[in-house]
Amino acid sequence: MTINKYLSSDEIRDSFLNYFVKKKHITHPSSSLIPANDPTLLLTNSGMAQFKSYFSGESKPPKPRITTSQKCFRSTDIDEVGDNTHLTLFEMLGNFSFGDYFKEEACKWGLELLINEFGLEENRIFATVHSDDSEAKKIWLNLGMPEHKIFSFDDNWWGPAGLEGPCGPCSELHYYTGDLLPNDYKSASKNKSWGPNVSDEFLELYNLVFTQFYHHLDGRKTELPKKNIDTGMGLERLTSVIQQVDSCYDTDLFTEIIEKIENLSGIQWKKSKSSDKAIIIIAEHVRSATFLIGDGVIPENTGRGYILRRIIRRAMRYGMTLKIKAPFMGLIAEEVIRKMGHHYSELIENKPFILKVLEVEETKFSSTLQQGNTLLKTLIKDRNLIQEKFDQINKNLIKIISKENFKDKELFDLFEKSKIGPESLISNLINKAIDLEKHIAKEKNDQLKLLIKNITKLNWKNNISGFEVAYLYDTLGFPAEVTSEIAEESNLKIDLDEFNNIMEKLKLRAKSSSQFKGDLSLQRLFEEMGISETTFQGHNNLKTDSLVIGILKNDKPTKKANSGDEIKIILNQTPFYPEGGGQV
Ligand code: SER
């Protein structure tokens, strides 16, 4: 593969934007990663996201032609980051037409840009089109692309970004990196496993979307008032092609960031597959976190804050595998800001905030990570032992639950005495699970039997049970994704369904007992009065007959009350769900 000129990533970004300025586009800054006015989109995932209202005709663009380099984040790829190709954060170069030029210009300029501005070999450029889009195919043929280099797919379609918005058929330009010569392409293209989208030798570079439709929330598609163009080309991938390196992590976009990680860990890039994976994850996730925080996202347990928390924690874990002393992320973030700040000035403006947020989150998670990691490693090491113990108790267990009216106590004792897991952890967890089930389930006996049956069926040797994942998460704050990744390294699977099931039950229990939680002295008073709980019936009934099981006057128990007294009554069951402390 020969490309005549070396261009830095900055030069590539500038060349793209300048090319389209010459074609009468105006440049427009990247929007924030937090989408404005779009509740259906968690994070900006494409260049067109900030222009949705221009496409739909709801508002008027400053000019009908715009070009941008947009920060994008795709959270679906978090767990894939670690190989040569995946990124969560990337810059998308795009040219947009709002009711102005259409397919012909978009295709012509796209091809010309790749060949003349970036020096890519024309021979290696292939196209895909939507199966029904004969017009796009004809345009590529007219531009000199041989028919056997144009591939049709039913799913060449892009959008909407989020749950509703503009969309349309698309045509992509792919770059062939393999060894075949152009004369061989025609016969190779007859093979179904050769070509764009099906073989790894093809890199998708440039997506040209012919935005003609609006996808509504109810699934309907209607024609937009005008035909538009929305294109996108990932800067990182384009740079790897132009700089003729194996992956975007070998481009100048990552050089200084990776050097910093080498310095901190004392481990060289390209030394081993596993350390490279860790270096990639740290480099990528710290870069993404820097941009997310720079746009005002802070770590939280839900929504985009959770995505940020996840990537920070994932990077920390891999930092630990390289024995980098925490907190270290700020030091890498400084490199990211040095490299990218001249184009994304918000990184420089918000530098102190970015560094502080990273430090606080890292410090907060540090001891959890250590503790959870040590415990999980022991659980993994003890797998065979756990299975052995379990096999021993299984027979007795089956005897107990096959009885019509089995006693919970027998079950508790059985697990208590068997002391399964490090420091009897598994025995304790199962006892807790039985207890939780008793607390939540309506048909206690049947539910319990089912739970115990499920436990007996578990393959403890090859799986990390949902109980363990839930314990690590609920008690230590150790995330399920991290447990899963560590387990995978030892060829173990985690039982996510069981984990989700247990978490649901924990939430239910927290809800049903919350009415007694807020005030300990009241709770003690109820205990003294012999009242254990008010059963919540509102999941099934909005009306219930109920007994008054206690009366309080001036917060003291009383046997009776007179007309006009202000009292509190306690019921044995109720369909009222207490919100806002009970007032609602
Ligand atoms: N919106 C399209 C994409 O994200 C083209 O920019 O691929």
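Being a predicted model, the structure only gives us computed values, none of them experimental. Whatever order the structure lists them in is the order used to number ligands and atoms, beginning at 1.
- Closest heavy-atom approach to atom 3 (C) of ligand 1 within the set Phe51, Trp158, Tyr206, Phe96: this belongs to Trp158.
- Ligand 1 is never approached by Glu204 to a heavy-atom distance shorter than 4.0 Å.
- Among Leu208, Asp230, Thr68, Asn207, the residue whose heavy atom sits closest to atom 6 (O) of ligand 1 is Asp230.
- Between Phe96 and Tyr54, the gap from one ring centroid to the other reaches at least 6.0 Å.
- Against a heavy-atom cut-off of under 4.0 Å, Arg74 is close to the following atoms of ligand 1: 4 (O).
- Residues Pro299 and Val357 form a side-chain contact, since some pair of their non-hydrogen atoms from C-beta on lies under 4.5 Å apart.
- Closest non-hydrogen pair, Met316 versus Glu362, comes out as CE-O, 3.4 Å.
- Under a 4.0 Å criterion applied to the non-hydrogen atoms of Met92, ligand 1 contributes the atoms 3 (C), 4 (O), 6 (O), 7 (O).
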For residues 155-170, tabulate all N or O donor-acceptor pairs below 3.5 Å that involve a side-chain atom, not counting sequence neighbours.
{"unit_1": "Asn156", "atom_1": "ND2", "unit_2": "Thr128", "atom_2": "OG1", "d": "2.8"}
{"unit_1": "Asn156", "atom_1": "ND2", "unit_2": "Cys170", "atom_2": "O", "d": "3.1"}
{"unit_1": "Glu164", "atom_1": "OE1", "unit_2": "Tyr214", "atom_2": "OH", "d": "3.4"}

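- When the shell of 6.0 Å around NZ of Lys227 is examined, it contains 12 or fewer heavy atoms from other residues, nucleotides or ligands.
- At a 4.0 Å heavy-atom cut-off, ligand 1 does not touch Asn45 at all.
- With a heavy-atom cut-off of 4.0 Å, Gln70 does not touch ligand 1 at all.
- Listed by number with element, the atoms of ligand 1 under 4.0 Å from a non-hydrogen atom of Gly232 are 5 (C), 6 (O).
- Set against the non-hydrogen atoms of Val209, the atoms of ligand 1 under 4.0 Å away are 2 (C), 5 (C).
- Between the side chains of Thr251 and Gln243, no donor N or O sits under 3.5 Å from an acceptor N or O.
- Checking each of Leu111, Leu113, Ile115, Val241 against Leu120 for a side-chain contact (heavy atoms from CB on, under 4.5 Å) leaves exactly one that passes, namely Val241.
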